[in-house]
Number of protein chains: 2
Amino acid sequence: MGSAFDEKDYLACCGSTKFAKEMVSAGPFSSYDHLVNAARDIWFNKVDVNGWLEAFAGHPQIGQSPSSSNKTPISAQWSKGEQSTALATATDSSLQELSDWNTQYWQKFGFVFLICASGRTTSEILAELKKRYLNRPIIEFEIAAKEQMKVTELRLFKLFSNVTTAASANNA
Amino acid sequence: MGSAFDEKDYLACCGSTKFAKEMVSAGPFSSYDHLVNAARDIWFNKVDVNGWLEAFAGHPQIGQSPSSSNKTPISAQWSKGEQSTALATATDSSLQELSDWNTQYWQKFGFVFLICASGRTTSEILAELKKRYLNRPIIEFEIAAKEQMKVTELRLFKLFSNVTTAASANNA
């Protein structure tokens with residue numbers, strides 16, 4: 001038996017339409033390894049640069065609450081969970097500084113600052129933002145795509161675990 | 001004395017609005033070297049990935065006549081000149097093959113196949129297209145940006161030469 005998900009499931013993990021469609025075609029998957037290898041291949045080798053930008057546009061600004069930028073309610077909920085350490089360690093002034101740097105980042109690169117925030121404090125995120133701000137646009141574009149893939153992998157794991165947990169419960 | 005050009009002049013060389021605006025701010029330029037160094041810095045370090053895509057969208061498909069894709073009449077005329085070797089060496093069947101591969105390339109990468117065509121035959125261009133088609137999208141994106149810069153440099157040279165020729169004629 002393999003796990004089959006639909007386009008909406010995959011869009012909650014990564015907001016590129018091409019990614020979601022190609023994942024549906026590549027499935028069903030017999031294991032999480034099988035699933036994640038297909039996802040990496042599709043994201044890095046098949047999704048074009050417009051698809052990367054489409055996925056980036058699905059993320060809220062770090063430090064802000066997920067809203068219309070998220071394509072699905074489940075991705076809004078996941079986004080909140082991924083930022084829980086950052087939010088717990090934030091002060092008003094650090095959130096303001098983060099917001100100012102996010103604006104500057106956007107002005108330079110034309111897309112939102114993307115980082116796999118799980119387990120990172122606000123000051124760690126801010127330090128990373130300031131460092132990455134110095135990059136050339138094409139370099140930063142690829143770094144952002146790698147961070148997107150880390151976020152995608154965490155979400156695919158949740159998706160896969162939910163299904164296998166449900167399947168075990170049904171078989172119990 | 002330096003050479004000052006306006007946004008429209010720079011847009012004819014490279015169809016990114018940001019590139020054109022930054023070039024106007026960086027000028028006037030005392031020499032072609034000064035001009036081209038500024039252009040390289042702006043294109044590779046300041047224009048973001050959206051600006052690269054905007055510039056790529058200003059090119060006709062290789063083997064097709066420049067039309068609405070060119071932002072200015074002068075860039076349409078230059079584009080025709082740059083493709084003159086390709087057009088002189090083309091046959092009906094090679095143009096058809098080029099058109100088919102251009103379509104495939106577009107489907108994979110989401111932007112037009114960009115090559116500095118000056119002095120290249122149709123079969124050389126086709127061979128290059130087939131080779132580059134195998135690249136990952138992000139790799140191909142950067143190669144296309146480098147080809148765009150080669151085209152831009154040739155056009156900046158024409159722009160600069162026209163002005164200095166006119167200036168010499170006036171001083172004669």
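Hydrogens, waters and symmetry mates play no part in the numbers below; they use all other heavy atoms, side chains included. Chain naming here is simple, since letters A, B, ... match the order of the sequence lines and numbering starts at 1 in each. In this text the structure is predicted, and so the values were computed from the model without any measurement.
Hydrophobic clustering, with ILVMFWY side chains joined whenever heavy atoms are under 4.5 angstrom apart, keeps Leu159(A) apart from Leu154(A). Cluster membership check: Phe109(A) shares its hydrophobic cluster with Leu126(A), using side-chain heavy-atom separations under 4.5 Å among Ile, Leu, Val, Met, Phe, Trp and Tyr. Cluster annotation: Trp101(A) and Leu98(A) are assigned to the same hydrophobic cluster (Ile/Leu/Val/Met/Phe/Trp/Tyr, side-chain heavy-atom contacts under 4.5 Å, transitive). A continuous path of hydrophobic side-chain contacts links Phe56(A) to Met149(A) [ILVMFWY only; heavy atoms under 4.5 Å]. Residue Tyr32(A) is grouped with residue Phe19(A) when hydrophobic side chains (ILVMFWY) are merged at heavy-atom distances under 4.5 angstrom, including chains of intermediate members.
Although no hydrogens or angles enter the test, the distance criterion places no donor-acceptor pair under 3.5 Å between the side chain of Asn45(B) and the main chain of Arg136(A). Within the 3.5 Å criterion, the main-chain N or O of Pro137(A) finds no donor-acceptor partner in the side chain of Asp48(B).
Heavy atoms of other residues, nucleotides or ligands lying less than 6.0 angstrom from NZ of Lys21(A) number 12 at most. By the neighbour-count criterion of 12 heavy atoms within 6.0 Å, atom CG of Asp100(A) is densely surrounded, having more than that number from other residues, nucleotides or ligands.
Between the CD1 atom of Ile138(B) and the CD1 atom of Ile138(A) there is a distance of 3.5 Å, given to the nearest 0.5 Å.
Every side chain to side chain contact (heavy atoms under 4.5 Å, CB included) that Lys108(B) has, sequence neighbours left out, goes to Tyr133(B).
Within residues 139-148 of chain B, the residues approaching chain A closer than 4.5 Å by heavy atoms are, in numerical order, Phe141(B), Glu142(B).
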Run the side-chain contact (heavy atoms from CB on, under 4.5 Å) test on Val49(A) and Val49(B) for me, step by step, so that the C-alpha distance in whole Å, both residues' side-chain angles and the decisive distance to 0.1 Å come before the verdict. CA-CA 9 Å; Val49(A) 293; Val49(B) 294; over 6 Å; no
